[in-house]
Amino acid sequence: MPPKAKAAGKGRGPEKRKLAEEFPPGEVLTDTGKKSWKLGAPIGQGGFGLLYLADENSSKTVGAGAPYVIKVEPSDNGPLFSELKFYMRAAKPDQIQSWMKSHKTKYLGVPKYWGSGLHEKGGNRYRFMVMDRFGTDLQKKFEESGRRFPRKVVLQLGLRLLDILEYIHEHEYVHADIKASNLLLSHNNPNQVYLVDYGLAYRYSPEGILKEYKEDPKRCHDGTIEFTSIDAHKGVSPCRRSDLEILGYCMVQWLCSKLPWEDKLQDSLYVRDSKLRCRDNISDFMSQCFSSPDKPGEKFMEEVKTLSYTDKPAYQKLRSILEAGLKSIGAKDDDKLEFSSSVNGVGPLSSVEVGPQRAQHRKTCCCAVMVASAFKTWHAPDLFEARPFKRSPFQPPLIEGREEGGVSDSSSPRQGRAFIIQSERWRKGGKEEGRKERWRI
Ligand SMILES: Nc1ncnc2c1ncn2[C@@H]1O[C@H](COP(=O)(O)OP(=O)(O)OP(=O)(O)O)[C@@H](O)[C@H]1O
């Protein structure tokens, strides 16, 4: 079952799932097609287990430049299983390749599926899946850019996402959790972006038969609370218009820094009602987000509003709206994703005030990101520890749910000066429950 709505940035609530044990580099896994893969260092941790660098099995060790990653989780955990179904049905390399050829696109931001299988070790069974390896995620880019992207890049991201969504929709699926932390840049090409994490993806049209609109009060607010669709707030399974509505919220946030309901994410009904009001009066919603008369995104959202639950979106019309947006700022889709506003000029003025403490926090994080990336030691051993929640003076309060943070300069209790590379904290039922940090010494 998909998890309940989660707040901000990244992952799901701290569900009690079993974690995969950490396999040593060099472990060989054989997939169902009898192809062998070799693991390298672990590079990420999801709610499910671990993500490793990987390559086709050979006598060589798997280095930092590995072209694949392997997700591993205990075989009785569900999330990877449902994600795997999506990849097996819709993300085989030849499917993606033939779509690109027939649609004359240079690339498509859907990760390729390379294999999967079960692996036994120490009497335990693990499920694994091999996919393309990517680089940094756009949530990090967003934080580094002071939580605003230039308008050109937002419109380009919208165009790339329309390509991705059209592809997955035409393959019977909706994603239902589009957000910056699920958008990863290619490992080798900083101008290509990929949509990952199909753990909430839903097969809205199995064998071409569309699901019917049905509200289920037990399933209200699935997804990521600030971006999730009105359909999801009402407990209806996501459909194609849900993905486009989510994309609309993401684009507005990337432009203006903060959606009007972001201060009250713990109140899902408030968020739902704010979105309903936004749909009723999109122009008014835009005025809440942008102080300038120019309100980017309005036409896009108006077009999404016309869609009924089972409608196929007019992808080309939506593309034309974004292309017209590029033209209006004298830009064109040159396939270059430039996230820094010094390169492209900032977007329209935001109506949402950024307080001095928050601004200071962002500044501190940006500096620390730059310093820490200079270390470039992601693959060296580091510490991952859980400790009681203690908020840093710069950290804005986490209201409810789970949050993954960026990089900050701090002191390790054990090892003196260090950088927090990745932090995660969660809060449930109004209570701070815990915090985990990955330190780079
Ligand atoms: N193909 C990939 N290449 C490189 N990094 C990846 C790739 N897929 C995911 N990651 C990164 O690995 C980490 C774990 O990703 P994953 O999507 O599995 O977990 P999650 O979304 O955090 O957890 P979950 O969805 O299970 O709660 C994230 O930081 C993600 O950005």
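Values below: every heavy atom of this structure, side chains too, minus hydrogens, waters and symmetry copies. In this chain, numbering begins with 1 at the start of the sequence shown. Both counts, for ligands and for their atoms, begin at 1 and track the order of listing.
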Candidates K258, E226, E262 - the one meeting side chain to side chain donor-acceptor pair (under 3.5 Å) with Q253: E262
Ligand 1 N/O within reach of K71 N/O, cut-off under 3.5 Å: yes
Set of residues satisfying ring-ring contact (aromatic ring centres under 6.0 Å, His included) with respect to Y167, sequence neighbours excluded: W99, H171
Interfacing atoms of ligand 1 (cut-off 4.0 Å, heavy-atom, R133): 3 (N)
Proximal atoms of ligand 1 relative to M131 (non-hydrogen, under 4.0 Å): 1 (N)
Enumerated ligand 1 atoms positioned under 4.0 Å from heavy atoms of D197: 21 (O), 25 (O)
Structural part of L184 in contact with ligand 1, heavy atom criterion under 4.0 angstrom: side chain
Per-residue contact class, Q45 against ligand 1 - non-hydrogen pairs under 4.0 Å: backbone
Ionic contact status for D333 with R160, cut-off 4.0 Å: yes
Aromatic ring pairing Y87/Y198, orientation class (parallel under 30°, perpendicular over 60°, tilted between): perpendicular
Cationic tip of K264 above Y270 ring, under 6.0 Å, 45° of axis: yes
